[in-house]
Enquirer: 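Pasting in a structure now, in structure tokens, and then I'll have a few things to ask.
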Amino acid sequence: MKFPNWIFSINVYFRCITTARQISDEALLRFVDECRNLFALQNLHAEVVGRRHLTSDPSVAIKLMRAYAACGDTTSARHVFDESPERNVVFFNVMIRSYVGHGLYGDALLLFSEMERFHGVKPDNYTYPCALKACSCSEKLCGGVQIHGAATKLGLDSNLFVGNALITLYAMCGCCAVAQQVFDGMPKRDVVSWNAIISGHAQRGLNERALQICREMVQLKRSSVDAGTMASISLAMSNAKPEDIEFVKSMFDEIKGRNLISWNAMIAIYVKNSMAAEARELFREMKKVGAEPDEATIASVLPACRDLMDLTLGKQLHEFINKKNMCPNLTLENALMDMYATCGCLKDAQEVFSTMRRRDVASWTTIISAYGMHGHGREAIVLFEQMQELGHVPDHIAYVSVLSACSYSGLLDAGKYYFNCMTNLYNLVPRMEHYACMVDLLGRAGQVDEAYDLVRQMPMEPNERVWGALLGACRVHSNMSIGLVAADHLFRLVPKQAGYYVLLSNIYARAGRWKDVALVRGVMVCKGIKKLPGRSNVELGNKVHTFYIGDRSHSQSKEIYAELDVLMRRLKEAGYSAETETALHDVEEEDKEGHLLVHSEKLAIVFALINSCSGTPIRITMNLRMCGDCHLAAKLISRITAREIILKDTNRFHHFQCGKVVESALDSVCFITANNGTEDFCKFLLASCNLVLINGKITGQFDVKARYSPSLDKICIFVLNTKDIKI
């Protein structure tokens with residue numbers, strides 16, 4: 001293990017003390033320079049005070065001030081400053097820089113204002129950048145403008161360091177045009193100047209301009225791109241164009257001796273632009289060259305693991321986090337929960353949540369979303385209520401999570417209730433995503449007409465997601481009239497999206513209107529729109545295996561199809577009958593059954609059964625929604641093989657354990673308005689459920705919880721058939 005130099009220096013110092021050896025002044029001051037431990041520094045300071053000839057030396061006082069600042073003790077640094085009889089501009093610069101470095105911007109500006117007025121010391125070209133940085137970080141534009149004026153009077157506005165500080169000041173305070181004027185007027189610029197103007201525009205959302213300046217910098221070749229450039233431009237790279245990402249990657253490739261900041265910036269850019277595979281590959285390249293990831297690296301790579309469903313790497317990162325004692329860290333813990341939940345490991349996500357020392361609204365939202373996407377909507381509601389009871393105020397994203405959970409689990413009344421609570425309790429105006437959740441919820445419940453009414457009453461123009469949810473509901477419930485309206489809007493919004501043509505075609509097929517099916521497919525051919533083929537992925541041995549419908553390209557195809565035939569015979573013996581309604585083709589029933597037999601998810605499941613050990617969970621990801629026939633087949637395969645199957649489609653997770661579809665632990669959730677007879681009412685409810693309240697505990701067939709929520713002014717009654725979730 002490599003230790004910092006100051007540890008060796010202090011060891012030498014204390015060894016000298018214990019052996020009664022006198023160390024030289026030069027060695028003592030070197031120890032002061034290198035010391036980063038406050039207790040050790042205080043001992044060194046005492047030794048300095050004992051040598052009177054050193055206390056009168058201004059350079060020694062400056063060394064002590066810098067050392068105390070490096071140890072985070074600005075109070076002691078200020079004490080040394082105040083005790084020094086002759087303070088020149090260097091003293092003030094060190095003290096102001098110490099304040100700024102520790103976020104004490106008010107103290108820094110106060111000392112700056114006093115130095116000439118009360119002490120007769122004029123600021124120099126090192127003082128002004130520190131003072132300007134204090135204004136930038138505290139967003140005190142007026143003070144910054146005054147300092148700018150004072151620097152201009154002294155002719156220091158043309159100084160490189162002052163100019164860089166001015167660019168940062170104006171950019172951070174939202175005056176990008178003024179920052180650009182300062183930049184354009186600088187007689188000399190360095191890479192810091194370019195980074196400051198790029199970062200300033202990027203922080204204000206002026207991404208195109210930030211990229212334009214970055215291209216100018218590269219083309220002019222005035223300054224070499226460095227880690228700061230990468231960090232600055234990364235702020236402008238959300239939803240970037242492919243050519244812009246390629247340009248920034250070429251910048252990254254040109255950097256010699258890349259440090260961790262450069263790697264983190266490029267990985268983050270890939271993740272921001274849904275290029276998870278590239279982010280993962282770059283992370284592996286970074287490890288090969290010996291760069292050790294930090295918290296920022298892990299926080300970027302975990303979402304990439306989530307998007308790729310790379311549970312293996314995600315677990316490795318979790319182990320690394322524990323090994324390096326990076327937690328507690330809200331960003332990492334929230335990312336871990338999200339990764340585990342998306343990879344189908346709800347228990348692992350819950351374990352991370354349970355061990356968190358501190359949780360914010362994002363933490364609660366993540367775990368609520370996790371339970372929701374896994375079909376445990378009622379548990380998600382319990383968590384949502386507990387979040388509020390602990391004093392966390394739900395935001396728009398939290399409401400998206402609970403509404404989605406209600407939608408996934410078909411909790412219509414609860415979903416309506418929470419949609420109304422947004423406005424009534426927290427004055428949150430529903431956004432597009434909230435309306436999309438409600439349309440989906442109503443559609444799943446068969447309330448297609450009510451869903452359409454909600455769409456027509458929306459205060460904003462519905463987007464693709466809203467109309468898509470409505471069209472999906474029309475397909476499930478065979479509502480031709482509203483389906484045609486939704487399809488018409490979708491074809492105008494996203495004319496090249498094949499999925500919506502397929503949904504409309506399916507609506508016609510369910511109605512037996514095969515001529516209209518042919519017409520829709522003919523339109524797709526004329527427009528060059530191709531249906532997205534069903535694809536299922538399964539990861540084994542750190543390798544992802546992909547299967548398509550009827551796929552025979554895999555090296556184990558013969559073995560897979562042979563095992564599939566055997567398995568289908570066993571399924572039929574167990575009562576399986578193909579749901580041929582799922583195969584919407586104008587063909588004979590036998591042909592439909594053959595088409596269903598070779599769906600990609602069935603092939604992926606059989607491949608996993610052949611190549612994995614007994615007891616190992618099978619995890620499948622799909623690019624389309626799971627059909628009803630495959631759902632039934634997966635349930636029976638799980639029972640016959642005694643294997644857990646976790647299948648994630650574009651909509652949600654499907655869990656199968658030994659033939660049982662894993663559902664919510666809660667049987668029902670009731671919301672009862674609070675009143676004076678609440679306690680008696682709860683007892684009446686328990687009695688009606690054949691339950692008895694003995695010494696405050698529920699006895700009977702079920703576990704019942706009744707809790708008053710002050711924020712909702714409601715009694716929430718939860719009837720559980722297993723065990724409550726662990727919080």
Side-chain angles (χ1 to χ4, degrees), residues 309 475 498-499 501-503 505-506 509-510 514 517-518 520-521 524-525 529-540 543-612 617-641 643-654 656 659 661:
M309 296 282 289
R475 182 194 68 83
Y501 289 91
V502 173
L503 281 175
S505 173
N506 289 348
R510 285 195 172 210
W514 300 109
V517 171
V520 172
R521 292 179 179 174
M524 292 177 69
V525 172
I529 301 170
K530 294 183 179 180
K531 178 183 175 181
L532 187 67
R535 183 184 72 244
S536 295
N537 294 332
V538 56
E539 183 179 354
L540 283 174
K543 182 180 179 181
V544 177
H545 299 262
T546 302
F547 297 89
Y548 294 90
I549 184 169
D551 192 359
R552 291 185 180 271
S553 62
H554 197 276
S555 59
Q556 291 182 260
S557 283
K558 287 185 180 180
E559 192 178 351
I560 291 169
Y561 277 89
E563 181 65 25
L564 180 60
D565 288 339
V566 173
L567 196 58
M568 292 309 295
R569 285 197 295 271
R570 294 180 64 189
L571 289 182
K572 288 178 180 178
E573 290 172 2
Y576 167 76
S577 177
E579 294 190 0
T580 53
E581 185 186 352
T582 305
L584 301 173
H585 302 280
D586 187 17
V587 295
E588 297 297 326
E589 290 294 308
E590 187 176 337
D591 293 331
K592 289 183 178 180
E593 187 172 338
H595 182 267
L596 292 171
L597 176 65
V598 292
H599 273 194
S600 64
E601 52 266 54
K602 290 189 179 79
L603 299 177
I605 290 171
V606 172
F607 169 78
L609 286 171
I610 294 172
N611 293 280
S612 61
I618 295 172
R619 303 178 191 278
I620 310 290
T621 58
M622 297 174 57
N623 67 330
L624 300 175
R625 290 186 67 170
M626 190 182 197
C627 73
D629 181 73
C630 287
H631 190 279
L632 174 61
K635 176 181 176 181
L636 291 173
I637 291 171
S638 172
R639 187 176 76 189
I640 290 171
T641 61
R643 296 288 289 274
E644 180 183 3
I645 299 174
I646 303 166
L647 195 147
K648 182 181 184 294
D649 63 14
T650 54
N651 188 50
R652 56 165 288 183
F653 279 91
H654 303 270
F656 308 94
V661 181

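In what follows, every heavy atom counts, from backbone to side chain, and hydrogens, waters and symmetry copies are set aside. As the structure is a computational prediction, the values presented were derived from the model and not from experiment. For the single chain, residues carry numbers from 1 onward in sequence order.
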Enquirer: Give the ring-plane orientation class for Phe607 versus His545, where under 30° counts as parallel, over 60° as perpendicular and anything between as tilted.
Expert: tilted
Enquirer: Would you find a donor on one side and an acceptor on the other, under 3.5 Å apart, between the side chain of Asp649 and the backbone of Cys627?
Expert: no
Enquirer: Identify, with sequence neighbours excluded, every residue that meets side-chain contact (heavy atoms from CB on, under 4.5 Å) alongside Ala518.
Expert: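 Ala518 satisfies side-chain contact (heavy atoms from CB on, under 4.5 Å) with no other residue.
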Enquirer: Sequence neighbours excluded, which residues qualify as ring-ring contact (aromatic ring centres under 6.0 Å, His included) partners of Tyr501?
Expert: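 In terms of ring-ring contact (aromatic ring centres under 6.0 Å, His included), with neighbours along the sequence ignored, Tyr501 is linked to Phe491.
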Enquirer: Roughly how far, to the nearest 0.5 Å, is the NZ atom of Lys648 from the CE atom of Met626?
Expert: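 Reported value, rounded in 0.5 Å steps: 13.5 Å.
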Enquirer: Under the side-chain contact (heavy atoms from CB on, under 4.5 Å) test, which residues partner Glu563, sequence neighbours left out?
Expert: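 Checked Glu563 against side-chain contact (heavy atoms from CB on, under 4.5 Å); matches are Val606, Ile610.
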Enquirer: Checking side chain to side chain contact (heavy atoms under 4.5 Å, CB included) between Ser536 and each of Leu647, Ile620, Asn623, which is the one that passes?
Expert: Ile620
Enquirer: Working to the nearest 0.5 angstrom, can you tell me the gap between Glu601 CD and Ile549 CD1?
Expert: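 Rounded to the nearest 0.5 Å, the CD-CD1 separation comes to 8.5 Å.
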Enquirer: For side-chain contact (heavy atoms from CB on, under 4.5 Å), just list the numbers for Gln556 and Asn611, CA-CA rounded to whole Å, side-chain angles, deciding distance to a tenth of an Å, and then say yes or no.
Expert: CA-CA 10 Å; Gln556 291 182 260; Asn611 293 280; 3.2 Å; yes
Enquirer: Rounded to the nearest 0.5 Å, what's the gap from OG on Ser612 to CZ on Arg643? Could you check?
Expert: 3.5 Å
Enquirer: Which value, rounded to the nearest 0.5 Å, describes the distance between Arg475 atom CZ and Arg625 atom CZ?
Expert: 6.5 Å
Enquirer: Take Asp629 and Tyr576 through the test side-chain hydrogen bond (donor to acceptor under 3.5 Å, both in side chains) and record every step on the way to the result.
Expert: CA-CA 9 Å; Asp629 181 73; Tyr576 167 76; 2.7 Å; yes
